[in-house]
Q: 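Submitted below is the structure of interest, expressed as structure tokens.
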Protein chains: 2
Amino acid sequence: MTTLSARKKAAIIDAAIDLFQKNGFQGTSMDAIAQLAQVSKRTVYNHFPSKQALFEHIAHTVWQTANQASKACFKLEEDLEPQLMALALQELALVGDESFLRLSRVLMAEFIHEPAMAQAILERFSQEESSLTQWMQQAKLHERLNIADAEQAGALFYSLIKAQAFWPQIMFGQATIPTSQHQTFARQVCTMFLAVYGKTEAL
Amino acid sequence: MTTLSARKKAAIIDAAIDLFQKNGFQGTSMDAIAQLAQVSKRTVYNHFPSKQALFEHIAHTVWQTANQASKACFKLEEDLEPQLMALALQELALVGDESFLRLSRVLMAEFIHEPAMAQAILERFSQEESSLTQWMQQAKLHERLNIADAEQAGALFYSLIKAQAFWPQIMFGQATIPTSQHQTFARQVCTMFLAVYGKTEAL
DNA sequence: TTAAAACTACACTTTGCAGTTTACTTTTAA
DNA sequence: TTAAAAGTAAACTGCAAAGTGTAGTTTTAA
């Protein structure tokens, strides 16, 4: 059995995510968090020195979650499409995860007001994407794709996924894409991507 | 020369947009707005009965701006691609406009926390998009495109544009796409869209 | 079993902000 | 030119929320 202290801490974090998402950072009071977590306010402050610290702890969690995912590795011997499919499905699994979305929503809301923070995260994101960028670079070098700018190609690939599977969910609370449709969806993404960067395979 | 009162009002609105964007609705005080607008707080309240009213005035402005744009009308006699290009360029012009982005950012930040408000706006947006949906419907009826669901096709079309030209700008402060690249960008969007919904034109 | 660590309720200080009131000055329009 | 419409500074009310202090209770781990 987990210790009482640990359970309380988890409850605080959970309550904070809930309220930050509903009301934003500014709109959430420590009293409200304590109440929802069924914990005295003093306990909240025992675990986190300030509201800001609590928020940053949550932000860090999102960050780690996002970084678990995504490893791209170019395989010369394999066909391109199955490789792209795998990458798309990987990203879909991440953005299709309710808890990841929930956390992302909390962060995105604050990003709009914090260009500096957003910029910092963006750079990390592009590090994550750099694994894809390298993949694109390889595909270019081996003349398997019609790529001029590998970074741009990678960005397009992910944005095709996010266009339908991330942004509408974040902003308008649209339902996530059911797992049963991931295959179809990923194929559509690959089709569109290859329409731009694919070598003409006719003949 | 505009009246003093009108100038003051404009200054208030401008300051409000600025601060709402930077700090959000909750994070912006009427005192701060008054100060930035170089106006006494009482004057702010003379023009707008409450902070909420001021916000809604701004929201209404965004709404009108967005609705100026976008009229789709299917033309049987014309080729599809130029028509799609025109639609893409039209949308690009809207989301590429700095002042529209600035206003959108203010709204989007609040949307994340207000699913009800977001839903309401989404419905309006889809009304706007319904003009595109009808276009898609026509294209389907005349068997010019391989469309099963016209609404879905319309949504995809706009989301392809927003994925690169709207969301990154809103969330991460990324630079808008320069007008000089609108043509290229629109063509890419059309290519991708037609890869999914186009009739095979080979032979 | 016992001392330290963690929890609790609750009162408290400080600060910031929405919105009002007041007493006075400037702008406008007839 | 003059009255009313609109602007001004500054003090004020009332409230909500960040964070602290205290005194007492429960949990934990040795």
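Lettering of chains follows the sequences in order, A, B, ..., and the numbering in each one begins at 1.
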Q: If you measure only the distance, is there a donor-acceptor pair under 3.5 Å linking the side chains of Q52(B) and E56(B)?
A: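 Yes.
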Q: Among dA9(C), dT28(C), dC7(C), which is the nearest nucleotide to the side chain of S40(A)?
A: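 Given the options dA9(C), dT28(C), dC7(C), the side chain of S40(A) is closest to dA9(C).
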Q: Among the nucleotides dT28(C), dG7(D), dA18(C), which one has an atom lying closest to any side-chain atom of K8(B)?
A: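 Among the listed nucleotides, the one closest to the side chain of K8(B) is dG7(D).
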Q: Among dT8(D), dT28(D), dA17(D), which nucleotide sits nearest the side chain of D31(A)?
A: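 From the listed options, dA17(D) comes nearest.
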Q: Rounded to the Å, how far apart are Y45(B) OH and dC17(C) P?
A: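 Taking atom P of dC17(C) as the reference, OH of Y45(B) is at 12 Å.
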Q: Between R102(B) and D18(B), is there a salt bridge with N-O shorter than 4.0 Å?
A: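 Here D18(B) pairs with R102(B) in a salt bridge, since their nearest N and O are under 4.0 Å apart.
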Q: I'd like to know if K41(A) reaches the base of dG19(D) with its side chain, counting only an N/O donor and acceptor under 3.5 Å.
A: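 Indeed, a donor on one side and an acceptor on the other fall under 3.5 Å apart.
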Q: With a 3.5 Å cut-off and heavy atoms only, can you find an N or O donor on one side and an acceptor on the other between the side chain of R42(B) and the base of dG7(D)?
A: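 When only heavy-atom distances are counted, R42(B) does not reach the base of dG7(D) through any donor-acceptor pair under 3.5 Å.
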Q: When you measure from the side-chain N and O atoms of T43(A) to the phosphate of dA6(C), is any distance below 4.0 Å, counting only OP1 and OP2?
A: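 Answer no for this pair, as no side-chain N or O of T43(A) is under 4.0 Å from OP1 or OP2.
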Q: Over how many whole Å does the gap from F48(A) atom CZ to dA6(C) atom C1' extend?
A: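 That distance rounds to 15 Å.
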Q: For Q52(A), report the nucleic acid contact type (base, sugar-phosphate, nothing); a contact means any heavy atom under 4.0 Å.
A: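 Here Q52(A) touches no strand at all.
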Q: State which residue, out of R144(A), K199(A), R187(A), fulfils the salt bridge (charged side-chain N to carboxylate O under 4.0 Å, His left out) condition with E81(A).
A: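 Filter result, single survivor: R187(A).
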Q: When the distance from CD of Q38(A) to C1' of dC7(C) is rounded to whole Å, what number comes out?
A: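 Checked: the CD to C1' distance equals 14 Å.
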Q: Can you measure L4(A) atom CG to dA4(C) atom P for me and round it to whole angstrom units?
A: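 It works out to 20 Å between those atoms.
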Q: Between P on dA18(C) and CZ on F55(B), what's the gap in Å once rounded to a whole number?
A: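 Atom CZ in F55(B) sits about 14 Å away from atom P in dA18(C).
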Q: Quick test of your reading of the model: are E91(B) and K162(B) salt-bridged, counting only N-O distances below 4.0 Å?
A: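 K162(B) and E91(B): not salt-bridged.
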Q: Is any side-chain nitrogen or oxygen of H47(A) closer than 4.0 Å to OP1 or OP2 of dC7(C)?
A: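 So the side chain of H47(A) is within the cut-off, an N or O lying under 4.0 Å from OP1 or OP2 of dC7(C).
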Q: How many angstroms lie between CG in L19(A) and CE in M30(A), if you round to the nearest 0.5 Å?
A: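 It comes to 11.5 Å.
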Q: In whole Å, what is the span from the CG atom of N46(B) to the P atom of dT8(D)?
A: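 Those two atoms, CG and P, are 9 Å apart.
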Q: Measure from NZ on K9(A) to P on dA5(C) and round the result to the nearest Å.
A: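 Interatomic distance, NZ of K9(A) to P of dA5(C): 17 Å.
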Q: The side chain of K51(B) is closest to which nucleotide in this list: dG19(D), dA18(C), dT27(C)?
A: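 Ranking dG19(D), dA18(C), dT27(C) by closest atom to the K51(B) side chain puts dA18(C) first.
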Q: Given atom CG of L54(B) and atom P of dC17(C), what is their separation to the nearest angstrom?
A: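 Rounding to the nearest Å, CG of L54(B) and P of dC17(C) are 16 Å apart.
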Q: Among the nucleotides dT8(D), dA6(C), dT27(C), which one has an atom lying closest to any side-chain atom of S5(A)?
A: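 So the side chain of S5(A) is nearest to dA6(C).
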